[in-house]
Participant: 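Quick one: structure below, then a few questions.
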There are 2 protein chains.
Amino acid sequence: MGDNFTVNMDEFLPLRDVVFNTLRRAILTGELKPGERLMEIHLANRLGVSRTPIREAIRKLELEGLVTMIPRRGAEVAQITEKSLQDVLEVRRALDALCVELACDRITSEEKEALKQACDEFEKATKTGDVTTIAGADVALHDIIVRATGNQRLIQLINNLSEQMYRYRFEYIKDEKGHDNLVNEHRMIYESILHGDKEKAAEAAKLHIDNQEKSIIRQIRMEREQQLKKKDRNV
Amino acid sequence: MGDNFTVNMDEFLPLRDVVFNTLRRAILTGELKPGERLMEIHLANRLGVSRTPIREAIRKLELEGLVTMIPRRGAEVAQITEKSLQDVLEVRRALDALCVELACDRITSEEKEALKQACDEFEKATKTGDVTTIAGADVALHDIIVRATGNQRLIQLINNLSEQMYRYRFEYIKDEKGHDNLVNEHRMIYESILHGDKEKAAEAAKLHIDNQEKSIIRQIRMEREQQLKKKDRNV
DNA sequence: TAATTGCATTTTGTATACAAGGATTGTACT
DNA sequence: AGTACAATCCTTGTATACAAAATGCAATTA
């Protein structure tokens with residue numbers, strides 16, 4: 001008895017966590033835009049819950065840096081500036097390098113195998129040209145490396161930092177002409193880890209971030225230019 | 001008009017932030033011990049507020065990793081294991097190295113002067129032998145370096161990671177025989193940054209962390225042994 | 001016409017009330 | 001005496017109610 005229903009585990013999450021995930025997703029996908037106000041009653045009505053879980057979710061988003069609190073005015077989606085993104089990427093460059101170095105030492109043979117497959121999967125994904133598929137394969141690949149470090153704190157930090165750039169992920173993947181660079185970078189990282197060559201792995205990881213940085217910064221500048229033009233037109 | 005009063009900004013903090021700071025402090029100083037349950041009504045009565053700000057504070061502590069949520073049972077102070085501390089230190093080693101490297105490039109002459117003074121202050125502090133004074137001087141010194149990076153995200157991350165070890169800070173400072181090592185390590189870092197020698201600075205920073213790690217791990221092992229003995233005696 | 005004041009509305013901050021789930025204790029039965 | 005079951009209490013999860021602050025708008029006055 002009780003086995004007649006297969007329940008979605010998500011249903012057991014407290015509402016605050018459901019709301020947290022929902023809002024986070026909305027922010028990262030750009031559904032909620034930077035600077036947009038998050039008004040509690042409004043969100044509560046929209047999501048069909050009371051203000052309490054909304055508030056608790058906002059507290060977590062606040063600490064994650066995805067929303068900014070304005071005293072006596074409430075929360076709004078955090079602005080992403082070029083500076084803040086460079087800050088994030090600067091940290092990520094160091095942590096990604098640490099990641100692959102640790103992975104060199106600690107990766108198991110099963111994980112090596114999984115990594116190889118993930119590399120192949122990624123290459124295959126680029127050939128489909130479907131952005132969602134590519135993004136998924138990319139996440140999967142990086143996930144294997146990050147997990148291979150066995151360092152829980154590092155895993156958590158890298159995930160959080162990656163998040164900050166998710167809004168640009170799609171454009172970034174679309175942006176890469178041919179994707180050959182991406183495939184090669186991944187191969188390079190994979191080979192280095194396979195042979196336990198820490199230095200080479202770290203260099204490859206840094207290069208990988210550098211290229212992402214260039215692409216994302218370019219995008220941000222384009223976006224800002226477009227916004228400025230729009231303003232000019234309206235004035 | 002309006003200048004007649006100088007108000008304490010702290011008084012304007014929302015209760016949730018007051019509670020957050022209070023609880024965090026209590027956890028980091030060891031007043032609230034690992035494994036201890038944080039019961040909302042209890043805390044609310046103790047702090048003279050309602051459950052709402054308590055809950056919101058706990059949400060933030062949860063994301064910071066200082067408390068663990070157990071479903072339908074509430075929050076408890078996060079356990080610190082040797083593994084979790086090694087994880088933190090592993091990340092800190094990388095970020096502290098990044099810190100001094102960035103500082104080499106970006107430190108201003110005023111900051112250089114301040115850093116020199118902080119080094120002297122620290123040496124002076126060690127001579128007083130007062131643990132609180134030494135700890136304060138240590139924080140001040142590291143703060144200057146971290147701030148010199150100009151990377152907001154990095155500043156926030158390092159502060160958060162440092163926090164995780166605050167409970168051991170005092171013992172660690174007491175533990176160091178003569179403090180000469182500490183003074184020398186600080187001097188080394190200072191000199192390297194002064195001359196813009198990134199490699200040397202990074203090495204010095206890593207060494208600094210390594211020594212802290214040794215001391216802290218030793219302490220944790222001692223603590224655990226004592227706890228085991230206590231258990232044995234009771235059984 | 002412009003500025004200032006006051007009122008109304010909106011929104012956050014805080015407290016409390018209510019419901020549901022788990023744990024513990026006590027009792028009854030074997 | 002031990003085990004199983006039930007009732008009660010404790011605690012969290014959620015909703016709502018109330019208070020205070022800020023913003024926006026309008027009206028009045030200079």
Side-chain angles (χ1 to χ4, degrees), chain A residues 1-3 5 7-24 26-27 32-64 66-79, chain B residues 1-2 5 7-24 26-27 32-64 66-78:
Chain A
M1 40 178 110
D3 280 287
F5 303 100
V7 275
N8 188 345
M9 278 303 285
D10 291 6
E11 307 229 338
F12 290 145
L13 279 177
L15 283 186
R16 60 166 176 272
D17 290 329
V18 176
V19 173
F20 175 65
N21 291 330
T22 305
L23 290 181
R24 181 163 64 172
I27 292 174
L32 289 171
K33 295 196 173 35
E36 195 165 334
R37 286 185 69 181
L38 297 176
M39 284 177 299
E40 296 168 3
I41 304 178
H42 187 239
L43 290 174
N45 292 338
R46 231 184 101 112
L47 301 179
V49 300
S50 79
R51 280 176 60 209
T52 306
I54 301 280
R55 287 178 66 82
E56 298 192 12
I58 288 179
R59 293 288 88 68
K60 292 170 76 170
L61 292 169
E62 180 190 352
L63 212 73
E64 247 197 351
L66 290 179
V67 312
T68 310
M69 291 305 298
I70 301 177
R72 307 232 164 257
R73 185 126 194 285
E76 62 177 52
V77 179
Q79 297 280 356
Chain B
M1 43 175 112
F5 303 101
V7 277
N8 187 347
M9 281 302 287
D10 290 7
E11 307 231 337
F12 289 145
L13 277 178
L15 283 185
R16 60 166 177 270
D17 290 329
V18 176
V19 173
F20 175 64
N21 291 329
T22 305
L23 290 182
R24 180 163 64 174
I27 293 174
L32 289 171
K33 295 195 173 35
E36 194 165 333
R37 284 185 69 182
L38 297 177
M39 282 177 301
E40 296 168 3
I41 305 178
H42 188 240
L43 290 173
N45 292 337
R46 232 183 101 112
L47 300 179
V49 298
S50 79
R51 281 175 60 208
T52 308
I54 301 279
R55 286 177 66 83
E56 298 191 12
I58 288 179
R59 291 289 90 62
K60 290 170 79 171
L61 292 168
E62 178 191 355
L63 213 72
E64 249 197 350
L66 290 178
V67 313
T68 310
M69 291 306 299
I70 301 176
R72 304 229 165 259
R73 186 126 192 282
E76 59 179 46
V77 180

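Here the structure is a predicted model, which means the values were calculated and not measured. So that the names make sense, note that chain A is the first sequence line, chain B the second, and so on, each numbered from 1.
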Participant: Salt-bridge test for B/Glu76 and B/Arg37: reply yes if a basic N is under 4.0 Å from a carboxylate O, no otherwise.
Facilitator: no
Participant: Whole angstrom is fine here: how far is it from CZ in B/Arg72 over to P in C/dG21?
Facilitator: 6 Å
Participant: Return the 5'-most residue of the pair B/Glu56, B/Arg51 with respect to DNA chain C, ranking by each residue's nearest nucleotide.
Facilitator: B/Glu56
Participant: Of all the nucleotides listed (D/dT14, C/dG13, C/dA15), which has the minimum atom distance to the side chain of A/Glu40?
Facilitator: C/dG13
Participant: What's the CD1-P distance between B/Ile70 and D/dG13, to the nearest Å?
Facilitator: 11 Å
Participant: Quick check for you: to the nearest 0.5 Å, what is the distance between B/Glu64 atom CD and B/Ile27 atom CD1?
Facilitator: 9.0 Å
Participant: Write down the distance between CD1 (B/Ile41) and C1' (D/dC10), rounded to a whole number of angstrom.
Facilitator: 8 Å
Participant: Between P on C/dT11 and NE2 on A/His42, what's the gap in Å once rounded to a whole number?
Facilitator: 9 Å
Participant: Could you check how far CE of A/Met69 sits from C1' of C/dT12, rounded to whole Å?
Facilitator: 8 Å
Participant: Check whether any side-chain heavy atom of B/Lys33 sits under 4.5 Å from a side-chain heavy atom of B/Val77, and report yes or no.
Facilitator: no
Participant: Could you tell me how far apart B/Asn45 (CG) and D/dT11 (P) are, to the nearest whole angstrom?
Facilitator: 11 Å
Participant: How many whole angstroms separate atom CG of A/Leu43 from atom P of C/dT11?
Facilitator: 11 Å
Participant: Check the phosphate of C/dT12 against A/Arg55, side-chain N and O only, distance under 4.0 Å to OP1 or OP2. Yes or no?
Facilitator: no
Participant: Answer with base, sugar-phosphate or nothing: what part of the nucleic acid does A/Leu38 contact at a heavy-atom distance below 4.0 Å?
Facilitator: sugar-phosphate
Participant: Mapping B/Thr52 and A/Arg73 onto DNA chain D by nearest heavy atom, which one lands closer to the 5' end?
Facilitator: B/Thr52
Participant: Please report, rounded to the nearest Å, how far the P atom of C/dT12 is from the CD atom of A/Glu62.
Facilitator: 13 Å
Participant: A/Arg55 versus B/Arg55: any side-chain heavy-atom pair under 4.5 Å?
Facilitator: no
Participant: Taking the minimum atom-to-atom distance to the side chain of A/Ser50, which one of D/dT14, C/dA15, C/dG13 wins?
Facilitator: D/dT14
Participant: Flag the pair A/Glu62 and A/Arg59 as a salt bridge only when some basic side-chain nitrogen lies within less than 4.0 angstrom of an acidic carboxylate oxygen.
Facilitator: yes
